[in-house]
Number of protein chains: 2
Amino acid sequence: MSHSSNSTDEILRKRGYRLTPQRHMILSVIQEANEHLSIEQIAERVQQINPYVSLSTVYRTLDLLKNLELIREGHIPGEQAHYEAADGQAHHHLICRRCRQTIHLDTALLGNLDKQLQEQYHFHHLALDLVATGYCSACWQAIQQEEQGPENLAEPPARQSQ
Amino acid sequence: MSHSSNSTDEILRKRGYRLTPQRHMILSVIQEANEHLSIEQIAERVQQINPYVSLSTVYRTLDLLKNLELIREGHIPGEQAHYEAADGQAHHHLICRRCRQTIHLDTALLGNLDKQLQEQYHFHHLALDLVATGYCSACWQAIQQEEQGPENLAEPPARQSQ
DNA sequence: TTGATTGCAAAGCGTTTGCAATGAG
DNA sequence: CTCATTGCAAACGCTTTGCAATCAA
């Protein structure tokens with residue numbers, strides 16, 4: 001629970017930026033969350049403290065903090081981008097295409113992939129974002145059912161007749 | 001170069017859909033491309049053949065083909081979704097945050113990750129989409145330069161005098 | 001006839017931008 | 001003073017939706 005403050009201030013100043021109250025609030029909100037937050041969630045929480053912080057400022061600040069690598073940005077198709085403190089554990093997502101259930105995957109799953117890419121392509125400051133989609137077991141079963149439903153009820157043992 | 005046609009037609013019909021000229025064109029365009037295409041690119045190519053195909057149809061068709069798993073959808077932050085034939089090799093992306101240079105990564109990089117997830121979480125029909133971002137070596141050097149550029153040229157051993 | 005499909009235009013929605021006002025150095 | 005930063009409202013751009021017309025079974 002001890003975060004940001006002066007060291008953050010220096011990081012910004014070194015690059016010619018200021019740690020304004022808005023920026024500080026936004027960063028704090030992200031650092032104090034236990035999960036990643038969407039822009040909407042961030043704005044909500046910030047505006048709970050100061051209702052006059054504008055959405056544009058949130059967007060602009062998120063972009064800045066991302067470039068400074070103080071926060072990480074993640075993406076899930078069909079959802080707003082989400083953000084988490086850069087010093088926390090990164091994680092990935094496994095999503096059911098049908099019910100949208102989302103499982104968080106540990107970064108360890110990808111092993112030393114960053115190092116591999118770094119060495120092979122000479123990229124620096126790598127950040128990985130993996131999204132796996134499929135059908136969870138419940139939905140998978142439901143789908144099977146539906147297929148032998150109304151229309152295609154006739155599906156005899158022997159398949160592939162073409 | 002031999003694709004779709006009758007078998008595709010059956011896949012659609014089995015689920016109560018029709019293989020309309022529009023759908024066929026859209027799928028063909030994707031299957032005949034050597035790289036993944038954005039919605040815009042797909043619409044462009046389709047409209048080159050028939051200028052009266054509407055954008056909504058492209059969107060609706062893409063969504064349908066994706067659900068039928070005839071095509072795969074991929075995402076790169078800041079770009080439109082892109083599509084490729086489901087029977088081709090999947091691939092991932094390594095992107096430079098500064099110059100946006102994009103390198104295509106082979107699926108092999110992720111090894112048996114799908115199987116792992118399948119076994120551990122009992123998900124079916126898994127599709128993976130990995131996006132790695134960082135700074136390419138050229139940009140990385142450029143950034144280093146800038147940091148000791150115009151402003152912060154004086155970087156004497158002892159700082160923080162505020 | 002019935003239901004799927006399409007084109008068009010309008011609506012939606014998240015994000016970005018121009019600009020004047022504010023504030024720190 | 002000068003330049004970074006902000007709030008506001010307008011502009012944007014991509015995507016979705018309502019609806020009447022069309023088309024296949």
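Proteins come first, then strands; the chains are lettered A, B, ... in the order of their sequence lines, and each starts at number 1. The figures that follow rest on heavy atoms only: side chains count, while hydrogens, waters and symmetry mates do not.
- Side-chain atoms of A:Arg60 and A:Arg23, non-hydrogen and from C-beta on, never get closer than 4.5 Å to each other.
- Comparing C:dG14, C:dA9, D:dG7 by their closest approach to the side chain of A:Gln80 singles out C:dG14.
- If you take CD1 of A:Ile42 and C1' of C:dG14, they are 14 Å apart, rounded to a whole angstrom.
- Between D:dA4 and A:Arg23, no contact under 4.0 Å exists linking OP1 or OP2 to a side-chain N or O.
- D:dC14 atom C1' lies 8 Å from atom CD1 of B:Ile39, rounded to whole Å.
- An OP1 or OP2 oxygen of D:dT6 is reached within less than 4.0 angstrom by a side-chain nitrogen or oxygen of A:Thr20.
- Checking the phosphate oxygens (OP1, OP2) of D:dC3, no side-chain nitrogen or oxygen of A:Arg18 falls inside 4.0 Å.
- Per the geometry, CG belonging to A:Leu55 stands 16 Å off P belonging to D:dA10, to the nearest Å.
- Following rounding to the nearest Å, B:Arg15 (CZ) and C:dT5 (C1') show an atom-to-atom distance of 18 Å.
- Here D:dC19 is the nucleotide among D:dC19, C:dC19, C:dA9 with the atom lying nearest to any side-chain atom of B:Arg60.
- Closest to the A:Thr57 side chain, of the nucleotides D:dG18, D:dT5, D:dG7, is D:dG7.
- A straight line from CG of B:Leu64 to P of C:dT6 spans 9 Å, rounded to a whole angstrom.
- At a cut-off of 3.5 angstrom, counting only N and O atoms as typed in the model, there is no donor on one side facing an acceptor on the other between the side-chain of A:Arg13 and the base of C:dG25.
- A salt bridge is defined here as a Lys NZ or Arg NE, NH1 or NH2 lying under 4.0 Å from an Asp or Glu carboxylate O, and A:Glu79 with A:Arg100 meets this definition.
- Following rounding to the nearest Å, B:Leu62 (CG) and D:dC14 (C1') show an atom-to-atom distance of 13 Å.
- Here A:Gln22 lies in heavy-atom contact (under 4.0 Å) with sugar-phosphate atoms only.
- In the hydrophobic cluster analysis, where Ile, Leu, Val, Met, Phe, Trp and Tyr join through side-chain heavy atoms closer than 4.5 angstrom, A:Leu64 is grouped together with A:Leu27.
- Note: CE (A:Met25) to P (D:dT6) measures 12 Å, nearest angstrom.
- Counted by atom type alone, A:Gln22 and A:His24 present zero donor-acceptor pairs between their side chains at under 3.5 Å.
- Taking atom CG of B:Asp63 as the reference point, atom P of D:dT16 lies 7 Å away to the nearest angstrom.
- Figure legend: cation-pi geometry between B:Arg98 and B:Tyr135 absent, as NZ or CZ is not positioned both under 6.0 Å from the six-membered ring centre and within 45° of its axis.
- When distances are taken from the side chain of B:Tyr17 to each of C:dT5, D:dT5, C:dA9, the shortest belongs to C:dT5.
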